[in-house]
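Side-chain atoms are counted along with the backbone in the values below, which use heavy atoms only and exclude waters and symmetry mates. Naming convention: chains lettered A, B, ... in sequence-line order (proteins, then strands); numbering from 1 in each chain.
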Number of protein chains: 2
Amino acid sequence: MKKTVFVFSALIIAILALFQLSKYAYISGDISIEIGIAVIALVFFVIGVYINKKSLRKQKVASPKIDSKKIETLGISKREYEVLIGISEGLSNREIADKLFVSESTIKTHVSNLLVKLDAKRRTQAIQRAKALQILLP
Amino acid sequence: MKKTVFVFSALIIAILALFQLSKYAYISGDISIEIGIAVIALVFFVIGVYINKKSLRKQKVASPKIDSKKIETLGISKREYEVLIGISEGLSNREIADKLFVSESTIKTHVSNLLVKLDAKRRTQAIQRAKALQILLP
DNA sequence: AAGGTTTTGGTACTTTAGTATGAGTCCTTT
DNA sequence: AAAGGACTCATACTAAAGTACCAAAACCTT
């Protein structure tokens, strides 16, 4: 909001300044009227581009980001989250174990805990839930 | 491309017209210089907004759609695709069977065929592959 | 009607996934 | 130092998932 006030203040000042400039040029004849008009055109062209860009930015759909706060809220630990990513990549427990340099038993434990925390019965459901909770990118 | 040429032609004509208008107003004194400047400012403001909107539209990401042609190419049948959707929803074979009013054996057959067609080893990998192939929405 | 594809379903078996439980190690906080 | 949490791993099961192979309806298409 403060930016909007600033922009419109600058806009009004620019208009007044240009009016004065044009009058001065008109009377003194130092600056040709063509250059004055060109400056005005350029200034308002830039203002148009800037204001439009600002308004469009607000309309843009919120880009989906990982909600790290929700991960904490659900009590999902660092290691569990790494396992969750492995699941979403379509890896088996064995493959996740090899990727994280731990045993398959460990992965099974993590998966079991994840399913409870995500309120899911299967790993496929866990993927769905995690994406719905914005814990994983779509 | 044709539109761009048109826009720039209109822009140049507008500039020339405004130059003439300003000169005419300057000589005859019929129109005050403030109004002339205001018109110029407005015109270029609008041009700025329009050009910016056009350039931003092109930058927008193409909205992801289901590639039904790819489904055919992979030889995935109607029923198999329904099963695939069930898998992506995190359902078990039993649940998919109940949803489609068929036996679990049938679902297993469909899943097995799907895994071959999607070149996946697990249903979780099938989800990943299907989304990568734009067969399923992200 | 014949022929191909899809859909359906079964049996039998192997492989993963997931649960339950217990326990040791390492870190951090009190 | 004790307590709690996170990470690790194992055993022993149960439950799904997935494979292989076969076969019969149900549909289309020619």
Side-chain angles (χ1 to χ4, degrees), chain A residues 66-133 135-136, chain B residues 66-133 135-136:
Chain A
I66 293 174
D67 191 345
S68 49
K69 290 174 187 173
K70 208 165 282 175
I71 296 174
E72 284 182 53
T73 306
L74 294 169
I76 295 174
S77 70
K78 225 171 299 171
R79 209 55 165 166
E80 284 168 349
Y81 187 68
E82 291 181 292
V83 173
L84 180 59
I85 289 172
I87 291 173
S88 75
E89 287 173 343
L91 302 178
S92 67
N93 290 337
R94 180 73 267 156
E95 289 168 338
I96 298 171
D98 291 344
K99 192 180 175 185
L100 301 181
F101 302 108
V102 292
S103 78
E104 196 181 339
S105 295
T106 305
I107 302 300
K108 282 192 177 187
T109 306
H110 287 322
V111 171
S112 245
N113 292 331
L114 270 171
L115 293 179
V116 173
K117 290 172 183 176
L118 288 172
D119 190 30
K121 288 174 186 168
R122 284 161 290 284
R123 48 171 60 212
T124 49
Q125 202 176 2
I127 295 172
Q128 237 235 344
R129 295 271 302 134
K131 288 184 178 178
L133 293 166
I135 282 176
L136 285 175
Chain B
I66 292 174
D67 190 345
S68 49
K69 291 174 188 172
K70 206 165 285 175
I71 297 175
E72 286 182 50
T73 308
L74 293 169
I76 294 173
S77 70
K78 225 171 300 173
R79 209 56 166 165
E80 284 168 348
Y81 187 69
E82 292 181 291
V83 173
L84 180 58
I85 290 172
I87 292 173
S88 75
E89 286 172 345
L91 302 178
S92 68
N93 290 337
R94 178 75 266 155
E95 288 169 339
I96 297 171
D98 292 343
K99 192 180 175 185
L100 300 181
F101 304 107
V102 292
S103 76
E104 195 180 340
S105 296
T106 305
I107 302 301
K108 282 191 177 187
T109 306
H110 287 322
V111 172
S112 247
N113 293 332
L114 270 172
L115 293 181
V116 173
K117 289 173 182 175
L118 287 172
D119 190 29
K121 288 173 186 169
R122 284 161 291 282
R123 47 170 60 210
T124 49
Q125 203 177 1
I127 295 172
Q128 235 236 344
R129 296 268 304 132
K131 289 184 178 178
L133 292 166
I135 283 176
L136 285 175

*Asks:* Could you check whether B:S92 gets within reach of a base, just the sugar-phosphate, or nothing at all, counting any heavy atom under 4.0 Å?
*Replies:*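 Sugar-phosphate: the residue B:S92, judged by heavy atoms under 4.0 Å, touches backbone atoms but no base.
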*Asks:* Which distance, rounded to the nearest 0.5 Å, do you find between the CG of A:L136 and the OH of A:Y81?
*Replies:*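 Reported value, rounded in 0.5 Å steps: 5.0 Å.
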*Asks:* Counting only side-chain nitrogens and oxygens, does B:H110 get under 4.0 Å of the OP1 or OP2 atom of D:dG18?
*Replies:*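 For D:dG18, neither OP1 nor OP2 has a side-chain N or O of B:H110 closer than 4.0 Å.
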*Asks:* Without decimals, in angstroms, what is the distance between A:E80 CD and D:dT8 P?
*Replies:*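 From A:E80 CD to D:dT8 P: 10 Å.
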*Asks:* Tell me if the NZ atom of B:K70 is crowded by more than 12 foreign heavy atoms within 6.0 Å.
*Replies:*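 It does: B:K70 NZ has more than 12 such atoms within range.
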*Asks:* What's the separation between atom CZ in A:R129 and atom CD in A:Q125, rounded to the nearest 0.5 Å?
*Replies:*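 With rounding to 0.5 Å, CZ (A:R129) is 7.5 Å from CD (A:Q125).
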*Asks:* Does a side-chain N or O from A:R79 land closer than 4.0 Å to OP1 or OP2 of D:dT8, or not?
*Replies:*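 Affirmative; the distance criterion is met.
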*Asks:* Please check the phosphate of D:dA17 (OP1 and OP2 only) for any side-chain N or O of B:N93 closer than 4.0 Å.
*Replies:*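 Answer yes for this pair, as a side-chain N or O of B:N93 is under 4.0 Å from OP1 or OP2.
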*Asks:* Kindly point out which of C:dA17, D:dA17, C:dG10 is positioned nearest to the side chain of A:R122?
*Replies:*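 Selected nucleotide: D:dA17.
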*Asks:* Output yes when at least one side-chain N/O atom of A:S77 is less than 4.0 Å from OP1 or OP2 of D:dC7, else no.
*Replies:*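 Answer is yes, contact under 4.0 Å.
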*Asks:* Rounded to the nearest Å, what distance is computed from the CG atom of residue A:L115 to the C1' atom of nucleotide D:dA16?
*Replies:*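 Answer to the nearest Å: 13 Å.
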*Asks:* May I have the distance from B:K78 (atom NZ) to C:dT5 (atom C1'), rounded to whole angstrom?
*Replies:*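 In whole Å, C:dT5 C1' lies 12 Å from B:K78 NZ.
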*Asks:* If you compare every side-chain N and O of A:S103 against the phosphate oxygens of D:dC9 (OP1, OP2), does one of them come in below 4.0 Å?
*Replies:*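 Yes, within the criterion.
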*Asks:* Indicate, with a heavy-atom threshold strictly under 4.0 Å, whether A:T106 touches base, sugar-phosphate, or nothing.
*Replies:*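 Contact class for A:T106: base.
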*Asks:* Below the 4.0 Å mark, does C:dG18 have OP1 or OP2 next to a side-chain nitrogen or oxygen of A:R123?
*Replies:*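 The answer is yes; a side-chain N or O of A:R123 sits under 4.0 Å from OP1 or OP2.
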*Asks:* Should the pair A:R79-A:E82 be classified as a salt bridge under the 4.0 Å nitrogen-to-oxygen rule?
*Replies:*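 A salt bridge is present here (some side-chain N lies under 4.0 Å from a carboxylate O).
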